[in-house]
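Structure first, commentary second.
Only this structure's heavy atoms are used, side chains among them; waters, hydrogens and symmetry mates stay out. The residues of the chain are indexed from 1 along the displayed sequence. None of these values were measured; they are calculated from a predicted model.
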Amino acid sequence: MSDVAKEKAARLLKKRTSVSSLGSHEIRAKEGFGRTKDSISTVSYIDEPGHHDDNPRPTVQLENTYQLGPVKRFPVLTVNNILKDVLTSYLQEEKYEAELCRQMTKTISEVIKARVKELMIPRYKIIVQINIGQLSDQNMRIGSRCLWDPANDTFSSYAFKNTSLFAVASVYAVYFE
């Protein structure tokens, strides 16, 4: 890794206030912390250093449309079918393993978000939340609260269960005026 790349990675890591376990001892040694210690930390794939900070996006000027409600409503039943299909196809034969399920939540949420965006529903912001847990003798309640417009905003949710795990997927559709 060149010195320029190391400096850039150190600057990005300082900016995000998180250090990944890959090469963290090199960055610490360069900054002069004294002792180097291998650490294990989990960093989301979004937080990893990349070139996305080099070129800021140009600001886009949008004009007012004065549209207060959606032209096309959010299709809750279609999204429910997407949730059922994706959860069943990804988790039907899986056994619960904590590390695997952590990765599966990211993968499943990205797949669901992509499939919902393929429906091309204009002016809705899509939020996907996935919870996967081990199925044993316990109870669990999952709740969420949002500030939204009940006339335009909606959600869809689906619960999946097999012999060793459970999963709850929720998609929130918030209308963006």
Side-chain angles (χ1 to χ4, degrees), residues 1 5-6 8-29 31 33 35-53 74-121 124-146 148 153-174:
M1 190 178 222
K6 286 180 185 177
K8 185 175 181 180
R11 186 172 26 93
L12 286 171
L13 290 172
K14 280 183 187 177
K15 187 176 181 181
R16 289 189 172 85
T17 66
S18 66
V19 178
S20 73
S21 59
L22 300 174
S24 62
H25 59 280
E26 296 172 3
I27 294 167
R28 287 184 185 155
E31 291 175 350
F33 282 118
R35 42 184 198 160
T36 59
K37 203 177 217 185
D38 289 331
S39 64
I40 298 174
S41 62
T42 55
V43 178
S44 176
Y45 61 92
I46 295 173
D47 292 338
E48 296 197 8
H51 299 288
H52 57 275
D53 288 339
F74 188 77
V76 175
L77 293 175
T78 306
V79 174
N80 260 348
N81 291 335
I82 290 172
L83 292 175
K84 182 178 180 180
D85 180 46
V86 171
L87 287 178
T88 304
S89 65
Y90 275 85
L91 299 174
Q92 187 67 39
E93 300 297 324
E94 292 294 327
K95 300 288 182 202
Y96 180 80
E97 293 176 27
E99 195 62 32
L100 174 68
C101 288
R102 186 176 72 83
Q103 293 299 325
M104 290 297 285
T105 56
K106 291 178 184 179
T107 304
I108 291 171
S109 66
E110 290 297 321
V111 169
I112 289 172
K113 190 171 185 177
R115 294 219 11 217
V116 171
K117 284 190 172 189
E118 284 176 2
L119 298 175
M120 302 289 287
I121 304 141
Y124 273 98
K125 292 193 181 234
I126 308 298
I127 302 151
V128 179
Q129 181 181 6
I130 308 291
N131 297 304
I132 299 177
Q134 185 175 12
L135 190 62
S136 58
D137 296 328
Q138 83 273 7
N139 286 335
M140 183 172 169
R141 291 186 182 203
I142 299 171
S144 62
R145 291 184 177 191
C146 301
W148 67 6
D153 303 337
T154 188
F155 74 97
S156 181
S157 183
Y158 180 74
F160 173 82
K161 192 187 303 186
N162 69 9
T163 58
S164 70
L165 61 85
F166 69 90
V168 178
S170 301
V171 174
Y172 300 96
V174 181

Counting C-beta onward and ignoring hydrogens, is there a side-chain heavy-atom pair between Thr163 and Leu135 closer than 4.5 Å? no
Take atom CE of Met120 as the centre, draw a 6.0 Å sphere, and report whether it contains more than 12 heavy atoms from other residues, nucleotides or ligands. no
Do the side chain of Ser164 and the main chain of Tyr96 share a donor and acceptor less than 3.5 angstrom apart? yes
Step-by-step side-chain contact (heavy atoms from CB on, under 4.5 Å) determination, Tyr90 to Val111: CA-CA 10 Å; Tyr90 275 85; Val111 169; 3.3 Å; yes
Nearest 0.5 angstrom please: Gln103 CD to Ile108 CD1, how far? 11.5 Å
Any side-chain heavy-atom pair from Arg115 and Asp85 closer than 4.5 angstrom? yes
Would Leu83 and Ile112 satisfy side-chain contact (heavy atoms from CB on, under 4.5 Å), going step by step from the backbone distance to the final call? CA-CA 7 Å; Leu83 292 175; Ile112 289 172; 3.5 Å; yes
Separation between CG (Asn162) and CD (Glu94), nearest 0.5 Å, reads 8.5 Å
What is the distance from atom CD of Glu110 to atom CD1 of Ile130, rounded to the nearest 0.5 Å? 10.5 Å
Supply the atom-to-atom distance Phe155 CZ to Ser144 OG, rounded to the nearest 0.5 angstrom. 7.5 Å
More than 12 heavy atoms from other groups under 6.0 Å of CD on Gln138: yes
Is there side-chain contact between Leu119 and Val79, with at least one heavy-atom pair below 4.5 Å? yes
d(Ile121 CD1, Thr78 OG1) to nearest 0.5 Å is 8.0 Å
With rounding to the nearest 0.5 angstrom, report the CG to OG distance, Asn131 to Ser109. 11.0 Å
For the pair Gln134 and Ser136, evaluate side-chain hydrogen bond (donor to acceptor under 3.5 Å, both in side chains) and give the outcome as yes or no after the intermediate values. CA-CA 6 Å; Gln134 185 175 12; Ser136 58; 5.3 Å; no
What's the shortest heavy-atom distance between Ile132 and Met104, and which atoms? CD1-CB, 4.3 Å
Test side-chain contact (heavy atoms from CB on, under 4.5 Å) applied to Val86 and Phe160, step by step: CA-CA 10 Å; Val86 171; Phe160 173 82; over 6 Å; no
Between Val76 and Ser156, what is the shortest heavy-atom contact and its length? O-OG, 3.6 Å
